[in-house]
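In what follows, chains carry the letters A, B, and so on, assigned in the order in which the sequence lines appear, proteins first and then strands, with residues in each chain numbered from 1.
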Protein chains: 2
Amino acid sequence: MTSNATSIAGNETYSPRQNAVLESALGLLVEGGERALTTAGVARAANCSKESLYKWFGDRDGLLAAMITFQSSKVKAEPAASGAKGRAVLAAQLTGIAANLLKVLAGDVSLALNRLAIGQARRGEADLGLLLREHGRRPIETRLSALLESGRRERLLDFADTREAYRTLYGLIVRDTHVRLLLGDSLDGEAPAKRAAQAIDEFFRLFGTEENTGPAPQRAGLGNERTG
Amino acid sequence: MTSNATSIAGNETYSPRQNAVLESALGLLVEGGERALTTAGVARAANCSKESLYKWFGDRDGLLAAMITFQSSKVKAEPAASGAKGRAVLAAQLTGIAANLLKVLAGDVSLALNRLAIGQARRGEADLGLLLREHGRRPIETRLSALLESGRRERLLDFADTREAYRTLYGLIVRDTHVRLLLGDSLDGEAPAKRAAQAIDEFFRLFGTEENTGPAPQRAGLGNERTG
DNA sequence: CTGGAACCGTACCGTACGGTACACCGCAGT
DNA sequence: ACTGCGGTGTACCGTACGGTACGGTTCCAG
């Protein structure tokens, strides 16, 4: 239907001018939420005409979809060097990805886009939600999963189902933080790096091999080491 | 500003007629999302007049808030008998609450209300989000936290910070399920009871005392257990 | 210089929605 | 029977938004 950016694969790319328009549209969404994202508002903020908006993106929904694919195209992940060596390196890599994940999830545009897609989603149909799951979540899953499997290959980790292990790791890292942020809560003093390290520690205690169950053999006062 | 249901505490109660109106409004929201929740639509679906809507709830936002408090008032939790005895009982209680949590989060009205509040939330201001956090999430937190502390009193669990332990438990139970559901994904064959049992198992492996680290160190079969 | 394509700015249209006003009805209490 | 109250249904208003049309401008090709 729309002239551009219709396919779910979303490998679309846009002209610099269109990128600038999408950028200011994202800014408009971050500030003010969806109700501020009117076609006239986008045109005014981007100094372009509504007619061009409709020519480029076909539709308001097309514009929203383009914003998602554009934003995800901005954060291309590095291929994550797969040749891990030893537990410490693996843990460090996992911790880095975990901290990065937390930072991304708490970012302004990520929250705004997720709010947009979630607000749009209904019972059966979830147009933008599918896009966001494909572009936002699958990359991090593949990266983490590859790292997990490489750890299993080195006999540092022991799990049967990669996807299950990944999802548990995700739960340990993110917990209820994402939904709380989406609902408007602010994570006060929760440092992403600290939470990431704790999550990886807990994950190793759950899925590490015997001699690699984690740095802390006994659990006294582990919940959060801020007491020590 | 609104005539009713303004306080955040939200201990408001409504007349049977108003309850019926709120009920049909919830049905309208579940089916069709927020864009279907117009004042005229609610009035038509509930066979009442728009004037009554504005008299009772003052505002469209007042109606939305009333829907949240009304829905949360419907699912009053039982006080959760605190006198636990032994690991098996504690684990069973935790598993029950966990499974119930998963079922609630996946419920139609819960998803619809969360989508509504999240879609409404913006940078600073999150009116409905606060309501939802207060009414929807705090009850489950207090219940689980009480259970965790009773387990610690019986030396079945070992953790320093109750809130941290609770949040880890929450992460193990829910993982990314909630956000995925909010984004329109359907949890295909994920049985809540099974996931709850696994989560409690993992939680005991993390926070159980030495002789209570789990039902069995190797319990082959379930998705992410060690295959040996 | 001419033609055309792309684009901006603005004006315009239809509709839908939040909110209000009003006529009418049923039902107490006296 | 009269009156006030709470309610329904409908008509109405203002506005805001999605989408379209059109004139004017810039830029490039030939």
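Using a cut-off of 4.0 Å between Lys/Arg side-chain N and Asp/Glu carboxylate O, A:Arg175 and A:Glu190 are scored as not salt-bridged.
Using a distance-only test at 3.5 Å, with no hydrogens or angles considered, a donor-acceptor pair links the side chain of A:Arg152 to the main chain of A:Phe159.
Straight-line distance from the CG atom of A:Asp59 to the P atom of D:dC17: 17 Å, rounded to whole Å. The distance between atom OH of A:Tyr54 and atom P of C:dA11, rounded to the nearest whole Å, is 18 Å. In this structure, B:Arg60 atom CZ and C:dT20 atom P are separated by 15 Å, rounded to whole Å. The distance from atom CZ of B:Phe57 to atom C1' of C:dG19 is 16 Å, rounded to the nearest whole Å. In this structure, the CD atom of A:Glu34 is 9 Å from the P atom of D:dG18, given to the nearest Å. Between the C1' atom of D:dC17 and the CG atom of A:Asp61 lies a distance of 14 Å, rounded to the nearest Å.
A:Phe204 has its side chain within reach of A:Leu94: a pair of non-hydrogen atoms, C-beta onward, lies under 4.5 Å apart.
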Output side-chain donor-acceptor pairs under 3.5 Å for residues 31-47 of chain A, partner residues at least two apart or in another chain, one line each.
residue, atom, partner, partner atom, Å
A:Thr38, OG1, A:Gly41, N, 2.9

Do any side-chain atoms of residues 114-124 of chain A form donor-acceptor pairs under 3.5 angstrom with protein atoms, and if so which ones, sequence neighbours left out?
residue, atom, partner, partner atom, Å
A:Asn114, ND2, A:Ser110, O, 2.8
A:Asn114, ND2, A:Ser110, OG, 3.4
A:Arg115, NE, A:Leu182, O, 2.9
A:Arg115, NH2, A:Leu181, O, 2.9
A:Arg122, NH2, A:Glu125, OE1, 3.4
A:Arg123, NH1, B:Asp108, OD2, 3.3

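A side-chain contact (heavy atoms from CB on, under 4.5 Å) with B:Asp176 is found for one member of A:Glu141, A:Arg133, A:Arg137 and no other, namely A:Arg137.
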Under 4.0 Å protein heavy-atom contacts per nucleotide of nucleotides 4-9 of chain D, with B for base, S for backbone only and - for none: ---SBB

